[in-house]
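Computed from a predicted model, the values in this text were never measured in an experiment.
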Amino acid sequence: MSALLRQIPANIPQDIRKIRIENSHLTELPRGSFENVSALEYLWLNFNNITVMHIKSLEYLPALKELRLQGNKLSSVPWTAFQDTPILKILDLKHNRLDVLPEHALRYLPNLTYLDLSSNQLTIISRDVFYNWPVYQRSQSTEGPLEAISNAVLALHDNPWICDCRLRGFVQFIKSVGPPIILMNSYLTCSGPKFRTGKFFHEVELNSCTKPLTSALDANLTVPAGLNITLTCFVQASPSPAVWWTYALKLLRAFNVSTEPISEDTVRSELLIPAARPADAGNYTCTAANFLGNASVAINLRVVAPWASTTPRGWAPAAPAEPGAHVEVRIAKQTVYGITLEWFAAAAAAAEPGETWYTLLVGRYDAAQKDTIYIGPGVNTYSVTDLLPATKYEVCVAVRNQAPRKGQCVVFVTGSDVSQMEQREKLIHIVVIVCAMVLAVPAGMYACTAEALPGCLARCPSACPRRRRGGPAQAAGSKESTLDSLPAGSEDGLCRPDGGARRSPDRAEPGRARPPHRNSADLY
């Protein structure tokens, strides 16, 4: 007792009939642990730290009658090991961590009169475990008197039983069991599902298991932009299934999905799409699965401009579309790897600045689905990092639950990895086309608003004269440049209010030394 033993002693006398090692430090029962004590009848190894029991750990113990392993850390038992103990009568495994009981578990315990599996982690077991038990089979036999069969005490209480369809057969067995099998505690209780927690086995009626069956109230929805949209699907299944939503083969984030049971075998799953935009249109698939199979239902969503469709019955605007609920957005800072946005809400949107939430939509300009980020009250800046080079992006900021309006989006293109001189020279050819659309962005990146001022565009031919080098072939080539192909950055004040164009610093003045070359990272 309480000895610092870490393994079974090897010098045990051969005629020992009882061994009791408790409150010690045993961690396993290796193969042939008791090969020298074949006369052993009683083995007590309670309250150790045994986690592993070898399949041949009980070899050479044909006379063993009692095995007690209470209070150890066994999560599984090699049940075929009991083939080496044919006359075992008492098996105590309470207060372990057993969570599975295979169907053949009791097949090799024909003479058992006491089995204690209480206070483990058993949740689901099959009634076939006991139908395959020789003790139960003998009790069901019509041959011979019942009095000739010894009673067998069975302890199964204090386990976290999940009372769903998978436990139906076991519950029926517990309700019908009788002598010679005697339950130590016949009041087994359910630990789940939630609506059955605390109920006794004899109080519940469990249905058979069924494969999921999915349905939707409306498989085709047309809604105006700017509304909060909730897509709903219903699933009938037993046991309760796992449910998830996909859009364009992409798993949707779980924080926009809520799933809850509405009856014993029916669950409702809802997908929230805040401030729906036309880019959110498409097929959304609700999929449910349990161990019997899976099923899915698709819901087609069409998002139209508010003036293109009247509001359907039952829909209400998520937020008042007041003319003053407008957000001004600009690029406040640029780095080599990203930008920092800054915005402020005017008029009605800023009436309660401490309670206003914002929706930030970020993604490639041509992407149908952009990442949605929700910004809490009191925050008016956000940094977008890890951008790809030579890629066109769009970032929009809107009051939450409203679709972004004109002027609330910024379109920008990240620069490519070219030299500073080549960047600026390429920019000179493109300025004639975009002119006032170009914002102040240092080399390596440039940005433009989604809308250019018409007045500045009108002055472009005179305000920003082209710089041509070479012949007509190069001039024609410059006209083919577009916003999508811009690889380089711009400078402040490329289009001045007085109509003049700023000189390129790359044109060296006579008598003035050219500054040393610097790469884009040096500018930051």
Side-chain angles (χ1 to χ4, degrees), residues 75-77 79 93-106 112 114-133 135-137 139-140 151-215 233-243 258-269 288-295:
S75 57
S76 64
V77 171
W79 296 96
L93 293 170
K94 63 174 169 283
H95 289 291
N96 274 277
R97 300 175 181 178
L98 302 179
D99 55 3
V100 175
L101 207 59
E103 292 185 4
H104 68 272
L106 307 182
L112 210 60
Y114 178 85
L115 174 62
D116 196 338
L117 296 170
S118 62
S119 300
N120 277 276
Q121 299 298 317
L122 298 173
T123 56
I124 301 291
I125 63 175
S126 170
R127 62 182 173 187
D128 292 337
V129 173
F130 303 97
Y131 285 179
N132 293 330
W133 189 15
V135 175
Y136 177 80
Q137 292 175 345
S139 70
Q140 300 301 306
N151 289 335
V153 177
L154 184 61
L156 295 166
H157 54 278
D158 293 335
N159 280 286
W161 304 111
I162 297 178
C163 296
D164 60 23
C165 66
R166 294 169 293 178
L167 205 64
R168 183 169 181 255
F170 176 65
V171 171
Q172 292 176 343
F173 168 79
I174 294 299
K175 290 180 178 180
S176 62
V177 71
I181 297 178
I182 301 173
L183 292 175
M184 179 180 291
N185 184 346
S186 60
Y187 290 94
L188 303 186
T189 58
C190 303
S191 295
K194 188 175 181 180
F195 59 90
R196 288 200 178 103
T197 300
K199 291 189 176 181
F200 296 115
F201 276 21
H202 63 268
E203 296 177 327
V204 299
E205 291 294 334
L206 303 179
N207 298 322
S208 301
C209 295
T210 58
K211 179 182 176 181
L213 177 64
T214 56
S215 61
C233 81
F234 296 92
V235 183
Q236 287 184 305
S238 183
S240 184
V243 183
S258 63
T259 302
E260 59 181 2
I262 57 176
S263 68
E264 181 176 339
D265 57 357
T266 304
V267 298
R268 176 178 60 211
S269 184
N290 63 15
F291 76 97
L292 288 177
N294 62 75

Can a donor-acceptor pair be found, under 3.5 Å and without considering hydrogens, that links the side chain of Asn120 to the backbone of Arg97? yes
Look at the side chain of Thr123 and the backbone N and O of Ile162, then say whether any donor-acceptor pair between them is shorter than 3.5 Å. no
Taking side-chain hydrogen bond (donor to acceptor under 3.5 Å, both in side chains) as the definition, give me every residue that meets it alongside Ser75, ordered by chain and number, with sequence neighbours left out. none
Which atoms form the tightest heavy-atom contact between Phe130 and Leu154, and what is the distance? CE2-CD2, 3.5 Å
For Pro239 and Cys209 the tightest heavy-atom approach is CD-SG, 4.1 Å
Could you label the plane-to-plane angle of the Phe201 and Phe170 rings as parallel, tilted or perpendicular, counting under 30° as parallel and over 60° as perpendicular? perpendicular
What pairs of residues pass the salt bridge (Lys or Arg N to Asp or Glu O under 4.0 Å) test when at least one of them lies in residues 185-194, not counting sequence neighbours? none
Sequence neighbours excluded, which residues qualify as side-chain hydrogen bond (donor to acceptor under 3.5 Å, both in side chains) partners of Ser176? none
Looking only at heavy atoms, which two atoms of Lys175 and His202 are closest? And how far apart? CE-CA, 3.7 Å
dist Leu117:CG -> Ile125:CD1 (nearest 0.5 Å) comes out at 8.0 Å
Under a 4.5 Å cut-off applied to non-hydrogen side-chain atoms, are Leu206 and Arg196 in contact? yes
For Leu188, which of Asn159, Val171, Ile174 qualifies under side-chain contact (heavy atoms from CB on, under 4.5 Å)? Ile174
Just jot down the salt bridge (Lys or Arg N to Asp or Glu O under 4.0 Å) partners of Arg127, sequence neighbours excluded, or say none. none
Glu205 and Glu264: which non-hydrogen atoms are nearest, and at how many Å? O-OE2, 4.1 Å
Can you tell me if Phe291 has over 12 outside heavy atoms packed within less than 6.0 Å of its CZ? yes
Should the ring pair Tyr136 and Phe173 be called parallel, tilted or perpendicular, given that the plane angle runs from 0 to 90° and is split at 30 and 60? perpendicular
Looking at every non-hydrogen atom in both residues, tell me the closest pair between Pro261 and Val267 and how far apart they are. CA-CG1, 3.9 Å
Which residues satisfy the side-chain hydrogen bond (donor to acceptor under 3.5 Å, both in side chains) test with Lys211, sequence neighbours excluded? none
The side-chain hydrogen bond (donor to acceptor under 3.5 Å, both in side chains) partners of Tyr114 (sequence neighbours excluded) come to Asp116
